[in-house]
Amino acid sequence: MSTQTSSLQIVRPARSFQGSVTLPGDKSISHRYAMLAGLAKGTTRLSNFSTGADPHSSLSCMEALGATVDKSNKDYIAVTGVDGSFRAADVPLDCGNSGSTMRMLAGLIAPHAHTYTMIGDHSLTLRPMERIRKPLSQMGARIDLVEGHAPITIHGGPLKAIDFDTPIPSAQVKTAVLFAGLQAEGTTSLSESIRTRDHSEHALRAFGATLTRTGDKLLIPGGQRLSAIDATVPGDLSSAAFFLCAALLFPDSNLVLDSIGMNPTRSALLDVIVALGGTIKVLNVEEHHGEMIGTIQVNRAPGGLKGIDIGGALSAQLIDELPVLAAIAPYTRDGIRIRDAKELRVKESDRIALVAKNLKAMGAELTEYEDGLDIPGNQELHGAAIDSGTDHRIAMAFSIAALRAVGETEIHGAEAAAISFPEFFTHLDGLSQR
Ligand code: S3P
């Protein structure tokens, strides 16, 4: 058992990792459904909406913009949209810790002829926002940042379509441009050289929008209106990642995760697990509003964990899963090398620096690079005091490393897990065999 205070969680080593769980809805998809429901005409009912704080920041912003959000039904959240016209908000739009809310919402509201202020917590105020200011100002919005960061002031109004080549692989930037393009004059085109998660494309179509993809180019005609939908959000594969990696650590693990989102632009982790020496069975695959959902069973193949080199497009596709892969790397035979992952330095924390600091605290050897880490295998770790840096994925990644360490691990700032996965420590206790 682990014990919890407001910010400290003790995680003890486990003998094995077994059981079956259904996880709350995907954070990325929940954000998109919340925002498009807020803009659409009619009442959208969203089942299995994320329980994480971040997508609820998106819902609160929708309320501030004139949508109605009803959380009173236990089976779904109902969002009644503004039918294409957001009102002037009389309070700043508070995005909390959520980069997705701030960046995607900027694109959604920029076509509306009001002045909006967007704010966030300390971590969000450190994150780069020039990446959305650039395309949105090319479209005609006037956007003020403070030295490239939030608070953001958006002087919105009618926008013109643009042709945009995304300079960094970012689904949030892509989404900001698509959401603005949806409401602009003319057809916006967007190219991405590394294909990022495509939840926005599926969500836009689900809400009735037209958009097409040819090769690496997306085309979205402007002046489109959206209609409400009923949808169930697939379970969050990036939350599942922590438990999938935990299952790899023990020879006799057996983990079953129900109704997990398996969108191919998100599921590179499953290939990595197989490459490391896990066996995965996927059962009951279905498609809802363009999103694949399936049940995943994972076991560790006999013979222990191999290693892997992660770089190029794979780093972008695995960006949210890299912290937990790095945290289990010392327990592999050949280690894990990560490159082309500079974006990790501008997430909720500098994830490269924090992973390095916390792995070293547990006794690991490693080399840190500007864009990644080399973590040799065959290392034994010991329990230590872990600094989450108030970053949810760091808190959870090191709780998984703790399961195979010698002695207890203290996760400081453990409450950060609630940003994406409030049930994390309860499930961790339930699945860890001691
Ligand atoms: C997200 C995209 C990624 C990811 C984030 C969620 C999304 O960010 O790290 O957790 O929902 O589009 P970037 O767009 O900054 O890569």
Side-chain angles (χ1 to χ4, degrees), residues 25-36 49-50 52-58 95-108 120 123-124 126-135 148-150 164 166-179 190 192-204 218 233-234 236-242 261 263 265-269 291 312-325 338 340-352 355 371 391-397 416-417 419-421:
D26 185 81
K27 173 165 92 67
S28 291
I29 298 174
S30 295
H31 279 299
R32 286 148 172 93
Y33 284 176
M35 290 185 203
L36 296 181
F49 192 83
S50 166
D54 271 9
H56 287 265
S57 293
S58 288
C95 304
N97 187 246
S98 174
S100 299
T101 304
M102 189 169 270
R103 294 187 180 128
M104 303 198 291
L105 188 58
L108 198 71
S123 143
L124 185 52
L126 299 174
R127 299 182 65 185
M129 292 297 150
E130 179 61 27
R131 53 185 65 189
I132 50 120
R133 196 196 65 78
K134 222 170 172 184
H149 300 104
F164 185 63
T166 54
I168 34 165
S170 165
Q172 294 172 356
V173 175
K174 169 173 72 176
T175 303
V177 174
L178 290 178
F179 283 2
L190 186 140
E192 39 175 9
S193 50
I194 292 182
R195 191 158 176 195
T196 61
R197 63 190 72 192
D198 64 1
H199 303 303
S200 300
E201 292 90 309
H202 291 303
L204 281 161
L218 279 167
V233 182
D236 195 320
L237 182 59
S238 297
S239 296
F242 298 100
N263 178 316
T265 60
R266 279 285 290 290
S267 54
L269 175 72
E291 295 288 350
L314 187 57
S315 289
Q317 285 152 7
L318 281 172
I319 198 77
D320 291 340
E321 289 72 59
L322 292 176
V324 66
L325 286 168
I338 299 169
D340 306 315
K342 213 168 61 196
E343 277 292 303
L344 280 180
R345 292 205 181 268
V346 289
K347 294 291 179 188
E348 287 82 330
S349 68
D350 176 342
R351 287 183 174 159
I352 294 179
V355 163
D371 67 340
D391 182 332
H392 54 131
R393 296 200 201 280
I394 298 294
M396 293 188 278
I419 287 297
S420 59
F421 193 4

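Just follow the structure's listing: the first ligand is 1, and inside any ligand the first atom is 1.
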### Query
With side chains defined as the heavy atoms from C-beta onward, is the minimum distance between D236 and R266 less than 4.5 Å?
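The answer is yes, as the side chains (C-beta and beyond) meet within the 4.5 Å cut-off.
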### Query
Less than 4.5 Å apart, any side-chain heavy atom of R103 and any of T175?
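No, too far: nothing below the 4.5 Å cut-off.
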Ligand-residue contact atoms, ligand 1 with [X], heavy atoms, under 4.0 Å:
{"X": "S28", "answer": "6 (C), 7 (C), 11 (O)"}
{"X": "I319", "answer": "9 (O)"}
{"X": "S170", "answer": "13 (P), 14 (O), 15 (O), 16 (O)"}
{"X": "R103", "answer": "15 (O)"}
{"X": "A171", "answer": "12 (O), 14 (O)"}

[X] bridged to [Y] by N-O distance under 4.0 Å:
{"X": "R131", "Y": "E343", "value": "yes"}
{"X": "R393", "Y": "E321", "value": "no"}
{"X": "D26", "Y": "R197", "value": "no"}
{"X": "K347", "Y": "D391", "value": "no"}

To which protein heavy atom is [atom] closest, and what is the distance rounded to 0.1 Å?
{"atom": "atom 10 (O) of ligand 1", "result": "D320 OD2, 2.8 Å"}
{"atom": "atom 16 (O) of ligand 1", "result": "K347 NZ, 3.3 Å"}
{"atom": "atom 12 (O) of ligand 1", "result": "R32 NH2, 2.6 Å"}

#### Entry: Contact partition for K27 relative to ligand 1, non-hydrogen atoms under 4.0 Å
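Side chain only.
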### Query
What residues, two or more places apart in sequence or in another chain, satisfy ring-ring contact (aromatic ring centres under 6.0 Å, His included) together with H202?
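For H202, no residue satisfies ring-ring contact (aromatic ring centres under 6.0 Å, His included) once neighbours in sequence are set aside.
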#### Entry: For F179, all residues meeting ring-ring contact (aromatic ring centres under 6.0 Å, His included), sequence neighbours excluded
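Residues passing ring-ring contact (aromatic ring centres under 6.0 Å, His included) with F179: none at all.
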### Query
Looking only at heavy atoms of H31, does any of them come nearer than 4.0 Å to an atom of ligand 1?
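In this structure, H31 fails to qualify as a contact of ligand 1 - no heavy atom is under 4.0 Å.
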### Message
Can you tell me if T175 contacts ligand 1 (heavy atom of the residue under 4.0 Å from the ligand)?
### Response
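No, T175 has no heavy atom closer than 4.0 Å to ligand 1.
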